[in-house]
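Below you'll find the structure, written out as structure tokens, and then a few comments.
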Amino acid sequence: MIAHSPKSHTTTAYFFSFLFTVVFSVLLCDSVPSVSEVNDSLTYLWPLPYEFTSGNETLSVDPALSLVVAGNGGDSTILQAAFDRYRRIIFKHSNGLSLFGRLRGRRVVYDISKLSIVVDSDNEDLQLGVDESYTLFVAKNDGQSIVGEATIEANTVYGALRGLETFSQLCTFDYGTKSVQVYQAPWYIQDKPRFAYRGLLLDTSRHYLPIDVIKQIINSMSYAKLNVLHWHVIDEQSFPLEVPTYPNLWKGAYTKWERYTVEDAIEIVNFAKARGIHVMAEVDVPGHAESWGIGYPDVWPSSTCREPLDVSKNFTFDVISGLLSDMRKIFPFELFHLGGDEVNTGCWTSTPHVKQWLQDHNLTAKEAYQFFVLRAQDIAISQNWTPVNWEETFNTFAENLNPRTVVHNWLGPGVCPKVVAKGFRCIFSNQGVWYLDHLDVPWEGFYTAEPLEGIDDASERKLVLGGEVCMWGETADTSDVQQTIWPRAAAAAERLWSKREALSTGNITLTVLPRLQYFRCLLNRRGVQAAPVTNKYARRPPTGPGSCYEQ
């Protein structure tokens, strides 16, 4: 959409009741602010787990930490690869006893030498609502407990991935001892997401993003437990994706180098799946599609009036059908976004042959808009997809939308209550609070936004799949996309993961800001170019020297 619209725009006995006063009261050396700056009543885990307790012990973690697996899904290659990734993160600074210690022949006994992961199911199908719950137990092995040292239990490998992320956040490098420590042990964590859909839209049409950059963003999403990459791959400005059935479509790319092959797209999907992240592609029709006509001019109403796509020609729908058929081989996720926003039908009424078609079929331009959206939905459904459409389709002809439609809010507040009242499912992305390209929206705006606001009926609340922050690409490319996404996206990520009761009380400047600053520094340490938390325009660099916590 234009200037800031959608287009600019298992159970365990070790878990106790939820406590709000879990602490990180020890000095974490250079890893966190000085003791005077640490609020020892806060929990420096992001997003906040569903239920947890902790203690007052400090445990050492063996740099030779081993993985012990059990359960039907324990031998998952996804799990093994994730453990290897997190080992590299946890032990980035620690390869064992320090050089001087080794020279003196010291031998260290560690409190945690293995991580046990139990995965009940061997089903690795990644679909909406997959079980991401897990339990995590971290304690010193006293030789008596049947649970040893560190244990993650999950029903699916994707729950185990979320548990690994939490475990990695508990592990802190102590620069004084040059070792990895877990503070405030023992930890008992029982965790699950509040919403099944926790998304980030990434626009690669306004500016091309290289594959490695997309992968970096996917990695960073997993750190905040976001689980849907909404890939807005095509728009009116460029068509970078290869479509074998209609190979001239990607002539609409900016250049012949700024393109994604089928193999590139499959690589992104597989990379995301290994991190428990869905990829939902979007093909926005009938508007936002001018770039299609660079390769196939017949989809334009005329050479001088180029969008929306020509509703009067069967060829237009042949192209859509071929495109979706090819994309179905790439994107296994059950949701597919068909756009449908900001359709200016002026080209239809001002182009003679389209105008004649409207008259022949006794259709107004508004009715033709409905006809186009519904026909595109039918094509997607025939490919066994559930269609997602921007809210204009609901606002214009809700009574005729396919009942399977997921309505994607963006224009403002109060939309999801209307959507679910009519029995449709909804995704929340109110542009006033969850558009990342709106640089004047501070972290507080992202954090306090509530997808269920105005929805009191329990059955209707279940129809809100979750929400999504949107990184429209007009003013973001490789040079600034990460610092525009983070850390504000993390504020929404906690809203979507953690239970509402834990987030909606207290002064968030005191209870949340220090935790978000800590998470921003964690992202920086992991190589993510997250911007300072408290600056007036999201992506601004620091104004002077200082800690990553206070900018």
### Message
Regarding Glu494 and Tyr447, do their side chains bring together a donor and an acceptor under 3.5 Å, going by distance alone?
### Response
yes
### Task
Go through the steps for Leu496 and Arg194 under the test side chain to side chain contact (heavy atoms under 4.5 Å, CB included), then give the verdict.
CA-CA 6 Å; Leu496 290 166; Arg194 182 181 174 208; over 6 Å; no
### Task
Kindly say whether the aromatic ring centers of His361 and Trp357 come within a distance under 6.0 Å.
yes
### Query
Between Glu307 and Glu290, is there a donor-acceptor pair closer than 3.5 Å when you use the side chain of the first and the backbone of the second?
yes
### Query
Is a donor on one side and an acceptor on the other found under 3.5 Å between the side chain of Glu450 and the backbone of Arg500?
no
### Phe315 CZ: over 12 foreign heavy atoms closer than 6.0 Å
yes
### Message
Check the orientation of His230 and His408. Use parallel for under 30°, tilted for 30 to 60°, and perpendicular for over 60°.
### Response
tilted
### Message
Any non-hydrogen side-chain atom of Trp292 less than 4.5 Å from a side-chain atom of Leu323?
### Response
yes
#### Entry: Point-to-point distance, once rounded to the nearest 0.5 Å, from OG of Ser459 to CD1 of Ile455
10.5 Å
### Message
Using 0.5 Å steps for rounding, measure from the CG atom of Leu324 to the OG atom of Ser382.
### Response
8.0 Å
### Message
Can a donor-acceptor pair be found, under 3.5 Å and without considering hydrogens, that links the side chain of Glu468 to the backbone of Leu200?
### Response
no
### Message
Please report the interatomic distance CD(Gln237) to CG(Asp203), rounded to the nearest 0.5 Å.
### Response
7.5 Å
### Message
Looking only at the aromatic ring of each residue, does the gap between the centers of Phe317 and Phe372 stay below 6.0 angstrom?
### Response
yes
### Query
Under the criterion side chain to side chain contact (heavy atoms under 4.5 Å, CB included), which of Asn400, Leu358, Val311 is the partner of Phe371?
Val311
### Query
So is Arg495 actually on top of Phe446's ring, under 6.0 Å and inside 45° of the axis?
no
### Message
Main chain of Asp235, side chain of Ser291: is a donor-acceptor contact present, judged purely on distance under 3.5 Å?
### Response
yes
### Task
Could you tell me whether the side chain of Tyr254 and the main chain of Tyr208 form a donor-acceptor pair under 3.5 Å?
no
### Whether Asp378 side chain and Arg375 backbone form a donor-acceptor pair below 3.5 Å
no
### Task
Walk me through it: do Tyr246 and Asp318 pass the test side chain to side chain contact (heavy atoms under 4.5 Å, CB included)?
CA-CA 10 Å; Tyr246 288 93; Asp318 290 341; 3.6 Å; yes
### Query
Quick one: does Asn248's side chain have a donor or acceptor within less than 3.5 Å of a partner on Tyr296's backbone?
no
### Task
Take atom NZ of Lys215 as the centre, draw a 6.0 Å sphere, and report whether it contains more than 12 heavy atoms from other residues, nucleotides or ligands.
yes
### Summary
The reported gap from OH in Tyr158 to CG in Asn227 (rounded to nearest 0.5 angstrom) is 11.5 Å
### Task
Could you walk me through whether Thr393 and Thr396 pass side chain to side chain contact (heavy atoms under 4.5 Å, CB included), step by step?
CA-CA 5 Å; Thr393 58; Thr396 308; over 6 Å; no
### Between Trp390 and Glu282, a side-chain donor and acceptor under 3.5 Å
yes
#### Entry: Main-chain N/O of Glu342 paired to Glu392 side chain as donor or acceptor, under 3.5 Å
yes
### Query
Could you go step by step and tell me if Thr261 and Asp264 meet the side-chain hydrogen bond (donor to acceptor under 3.5 Å, both in side chains) rule?
CA-CA 5 Å; Thr261 65; Asp264 290 335; 3.2 Å; yes
### Query
Where the side chain of His288 meets the backbone of Asp284, is there a donor-acceptor pair that is under 3.5 Å apart?
no
### Message
Could you report the tightest heavy-atom contact between Trp497 and Asp191, atom names first, then the distance?
### Response
NE1-OD1, 2.9 Å
### Message
Ignoring hydrogens, what is the shortest heavy-atom contact between Gly412 and Asn430? Give both atom names and the distance.
### Response
CA-OD1, 3.4 Å
### Task
Give the C-alpha distance, both sets of side-chain angles, the deciding distance and a yes or no for side chain to side chain contact (heavy atoms under 4.5 Å, CB included) between Val130 and Asp125.
CA-CA 8 Å; Val130 68; Asp125 187 31; over 6 Å; no
### Message
I'd like to check Phe239 versus Ile294 (side-chain heavy atoms, cut-off strictly below 4.5 Å). Are they in contact?
### Response
no
### Side chains of Tyr86 and Glu165, donor plus acceptor under 3.5 Å
yes
#### Entry: Other residues, nucleotides, ligands: >12 heavy atoms within 6.0 Å of Glu334 CD
yes
### Query
Are Val319 and Val243 side-chain neighbours, meaning at least one heavy-atom pair lies under 4.5 Å?
no
### Task
Evaluate side-chain hydrogen bond (donor to acceptor under 3.5 Å, both in side chains) for Asp131 paired with Thr156, printing each intermediate quantity in order.
CA-CA 6 Å; Asp131 190 342; Thr156 72; 5.5 Å; no
### Task
Would you name the heavy atoms of Tyr369 and Gly340 that are closest together and state the gap between them?
OH-O, 2.6 Å
### Query
Above 12 or not: heavy atoms from other molecules or residues under 6.0 Å from NZ of Lys313?
yes
### Message
To the nearest 0.5 Å, what is the distance between CG on Asp310 and NE2 on His353?
### Response
3.5 Å
### Message
Is the terminal nitrogen or CZ of Arg488 (NZ for Lys, CZ for Arg) located under 6.0 angstrom from the six-membered ring centre of Trp443 and within 45° of that ring's axis?
### Response
no
### Message
Has Thr349 got a side-chain atom pairing as donor or acceptor with Gly346's backbone, closer than 3.5 angstrom?
### Response
yes
### Message
Side chains of Asn402 and Gln377 only: does a donor on one sit below 3.5 Å from an acceptor on the other?
### Response
no
### Message
Against the six-membered ring of Trp300, is Arg306 placed for a cation-pi contact (under 6.0 Å from the centre, within 45° of the normal)?
### Response
yes
### Task
Measure across Thr351 and Pro301 and return the closest heavy-atom pair with its distance rounded to 0.1 Å.
CG2-O, 3.4 Å
### Task
Would you please say whether a donor-acceptor pair under 3.5 Å links the side chains of Gln169 and Thr166?
no
#### Entry: Flag if over 12 foreign heavy atoms under 6.0 Å of CG, Asn270
yes
### Distance (rounded to the nearest 0.5 Å) between Lys422 NZ and Leu463 CG
13.5 Å
### Task
Return the minimal non-hydrogen interatomic distance between Asn155 and Ser133, and the atom names on each side.
ND2-OG, 4.0 Å
### Message
Working note: Asn123 + Ser121, criterion side-chain hydrogen bond (donor to acceptor under 3.5 Å, both in side chains); need CA distance, chi angles, decisive distance, verdict.
### Response
CA-CA 5 Å; Asn123 184 353; Ser121 173; 5.1 Å; no
### Query
Would Gln356 and Asp360 count as having a side-chain donor-acceptor pair, cut-off 3.5 Å?
yes
### Task
Determine whether Val420 and Arg425 make a side-chain contact, defined as any pair of heavy atoms from C-beta on separated by less than 4.5 Å.
no
### Task
Step through it carefully: locate the ring centre of His337, locate the ring centre of Trp231, and say whether they are under 6.0 Å apart.
no
### Summary
Minimal heavy-atom distance between Thr484 and Arg539, with the atoms involved, is OG1-NE, 2.9 Å
### Message
Whether the Glu124 and Ser76 side chains hold a donor-acceptor pair (N or O, under 3.5 Å, no angle test) is what I'd like checked.
### Response
yes
### Task
Given side-chain hydrogen bond (donor to acceptor under 3.5 Å, both in side chains), test Arg526 with Ser168 step by step and report yes or no.
CA-CA 11 Å; Arg526 294 185 181 185; Ser168 75; 2.8 Å; yes
